[in-house]
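Below is one structure, written out as structure tokens; comments come after it.
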Amino acid sequence: MKRNYFNPFRNLICGVEDKIPVGELNIQHINFDNAATTPPFKCVLEDILDFTPWYSSIHRGMGYKSKYSSLVYDNSRKVVASFIGANLNEHNIIYVKNTTEAINKLSFRLCDMHKNCTVLSSFMEHHSNDLPWRDKFNVDYISLNDMGMLSIEDLEHKLISYDGQVKLVTITGASNTTGYMNPIHDIARLVHSYGAKLLVDCAQLVPHEKLHMKPKSHDEHIDFVVFSSHKMYAPFGIGVLVGPKEVFSCGHPDYKGGGTVQLVTDDYAIWDIPPNKEEAGTPNIMGVVALVSAIEMLQGIGMNQVSKLERDLLNYAMDKLSKIPEIKIYSSLDASVPRVSIIPFNIEGIPHSITARILGEEWGISVRSGCFCAQPYMQKLLNVTPKKIYSHLKNNQLPPYGVVRLSFGIYNTFSEIDFLVKVLQYIISHKDNYLKKYPVEPIYVEKSPILKSCEY
């Protein structure tokens, strides 16, 4: 059976037609785990190979290759700025390893500036946009509505209640669990009206939707943006932190060393200006080349075209899965709800981890299962109470809650979804056999200190 139809973007992606070993057979791999990491564009690998002969140290030499590599590295910020609507006269674009490091870096910087203030996060955040704030600020959480979406009413209520103490609101642009997109510019306007700044975690947004930070003079301006290259078809480990120049102009860098200083004596150091001050050590020029190549490809395709194709895939899959009685979907079935191409689901009576194992080990379909580094959100979606969690922890076991996640990229096809649906129906019809074949083993956890910042 032919498992994919013509997709004009499929030929742009490396490895999508490769076969993988499943049992004694080699079958075509289907990847529905793009929210974790996307495969690279072919052009990214080609550009890396083309650049490699010219690769040299950044800002550390007067030879031709070093000067050329430095020029490529510095000019890359113009490409990033164009992609997200940033203004290099107003913003610093800082390269880090990933989104997680970007948020941690910003948390240290803002801690130096606002030691006794409140940060508002939300219950739908990735751990990376939650944990870095807890040990530095008073943290409170924006509630969710019945659909699991961020409550704008509760956000405004908290802004009013804290009476000017909130200096930062930090939210996801699109959830990595449900795919829900937050109305970031409406939120920016509200946040700014109460004297706070807005950080948007765009790791799950920029690969799928057009982003524009807007000028700082605009009341819908996004103050801080973070994202990672490995979720937008560019490997080699680059993350991006974008924010106002004045935020990074003062204070010490969190990482200190080569590239961060203008002068060092035996008793003091003069720090370099940003972004150099914030990029300690030898920069990842290969990662930057990959990022620029991926951005230029996405811009060439057009982000409107990307979002339209993925929305069609999402709606098609939602329609197919919602007609299977044994499948429960943990996000709205309303196609008008703004979201990126993610579907969280479970098969009734089959643990999420077993469903994912069957799909991967027996059918060559890659998905992810669990909580996707968003455990407080998953607890809300699945109604997992603290009492249920503690009952497992008393036995040194992790609670087994979670879901299966499908996440689509621009190269996925309707026929891949058709094949997935047939496989899920087969699994459901052979549920008893699969439960015997794949017994659930408890996961034991070592006791460790508990980090708490507020009562949930």
In this structure, are over 12 heavy atoms from other groups packed under 6.0 Å from [X] atom [atom1]?
X: Y255; atom1: OH; result: no
X: D334; atom1: CG; result: yes
X: D146; atom1: CG; result: no
X: K320; atom1: NZ; result: no
X: K308; atom1: NZ; result: no
X: I160; atom1: CD1; result: yes

Task: Intermediate values then yes/no, salt bridge (Lys or Arg N to Asp or Glu O under 4.0 Å), E310 and R339 - done: CA-CA 10 Å; E310 292 181 350; R339 73 185 95 191; over 6 Å; no
Are any of the side-chain heavy atoms of [X] and [Y] separated by less than 4.5 Å?
X: Y194; Y: V166; result: no
X: D33; Y: V367; result: no
X: L205; Y: I184; result: yes
X: I30; Y: L420; result: no
X: N34; Y: Y411; result: yes
X: D130; Y: F123; result: no
X: L12; Y: K42; result: no
X: R405; Y: I342; result: yes

Without placing hydrogens or testing angles, list every side-chain donor-acceptor pair under 3.5 Å for residues 77-85, not counting sequence neighbours.
residue : atom : partner : partner atom : Å
R77     : NH1  : I93     : O            : 2.6
R77     : NH1  : E279    : OE2          : 3.0
R77     : NH2  : E279    : OE1          : 3.2

In terms of side-chain heavy atoms, does [X] have a donor or acceptor partner in [Y] at a distance below 3.5 Å?
X: N7; Y: T413; result: no
X: E362; Y: Y426; result: no
X: T178; Y: Y377; result: yes
X: T118; Y: N138; result: yes
X: S128; Y: T100; result: yes
X: S366; Y: H29; result: yes
X: S122; Y: E125; result: yes

Open item on the list: Evaluate K436 against D432 for salt bridge (Lys or Arg N to Asp or Glu O under 4.0 Å), listing each step before the verdict.
Closed with: CA-CA 6 Å; K436 292 176 183 177; D432 293 340; over 6 Å; no
Could you tell me whether a side-chain N or O of [X] sits under 3.5 Å from a main-chain N or O of [Y], the two making a donor and an acceptor?
X: K231; Y: A35; result: yes
X: H126; Y: T172; result: no
X: S228; Y: A203; result: no
X: N92; Y: G243; result: no
X: Y434; Y: I350; result: no
X: Y180; Y: S332; result: yes
X: H192; Y: D219; result: yes
X: S229; Y: I238; result: yes

TODO: Could you list the residues that satisfy salt bridge (charged side-chain N to carboxylate O under 4.0 Å, His left out) with D254, not counting sequence neighbours?
DONE: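 D254: salt bridge (charged side-chain N to carboxylate O under 4.0 Å, His left out) contacts with K105.
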NZ/NE/NH1/NH2 to OD/OE distance under 4.0 Å, [X] and [Y]:
X: K431; Y: E326; value: no
X: D418; Y: K422; value: no
X: K216; Y: E90; value: no

Open item on the list: My understanding is that only residues two or more places apart in sequence, or in another chain, count here; which of them pass side chain to side chain donor-acceptor pair (under 3.5 Å) with S353?
Closed with: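 S353 satisfies side chain to side chain donor-acceptor pair (under 3.5 Å) with no other residue.
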Check [X] against [Y] and note the closest heavy-atom contact, atom names and distance.
X: K158; Y: Y141; result: CE-O, 3.1 Å
X: R134; Y: V139; result: CA-CG2, 3.8 Å
X: M303; Y: H208; result: CE-C, 3.6 Å
X: P351; Y: L435; result: CD-CD2, 4.0 Å
X: A174; Y: M181; result: CB-CG, 4.0 Å
X: N182; Y: I187; result: CB-CD1, 4.1 Å

Task: Y330 six-ring centre to K328 NZ/CZ under 6.0 Å and within 45° of normal - done: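 Yes; both conditions hold, so K328 lies above the ring face of Y330.
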Task: Parallel, tilted or perpendicular, as decided by the 30° and 60° cut-offs, for the rings of F137 and W133 - done: tilted
TODO: Can you spot which of S121, C111, S107 makes a side-chain contact (heavy atoms from CB on, under 4.5 Å) with P132?
DONE: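 For P132, the side-chain contact (heavy atoms from CB on, under 4.5 Å) test succeeds with only one of S121, C111, S107, which is S107.
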Task: Test side-chain contact (heavy atoms from CB on, under 4.5 Å) applied to V240 and L291, step by step - done: CA-CA 10 Å; V240 180; L291 172 64; 3.8 Å; yes
TODO: Start with the C-alpha distance between V119 and L110, add both sets of side-chain angles, then the distance that settles side-chain contact (heavy atoms from CB on, under 4.5 Å), and finish with yes or no.
DONE: CA-CA 10 Å; V119 169; L110 295 182; over 6 Å; no
Open item on the list: Exactly one of Y316, F9, F32 should register a ring-ring contact (aromatic ring centres under 6.0 Å, His included) with F408. Which one does?
Closed with: F32
Task: From CA spacing to verdict: side-chain contact (heavy atoms from CB on, under 4.5 Å), Q28, I20 - done: CA-CA 6 Å; Q28 185 175 321; I20 61 171; over 6 Å; no
Task: Full working for side-chain contact (heavy atoms from CB on, under 4.5 Å) between E17 and R10 - done: CA-CA 9 Å; E17 301 296 345; R10 197 167 175 85; 2.7 Å; yes
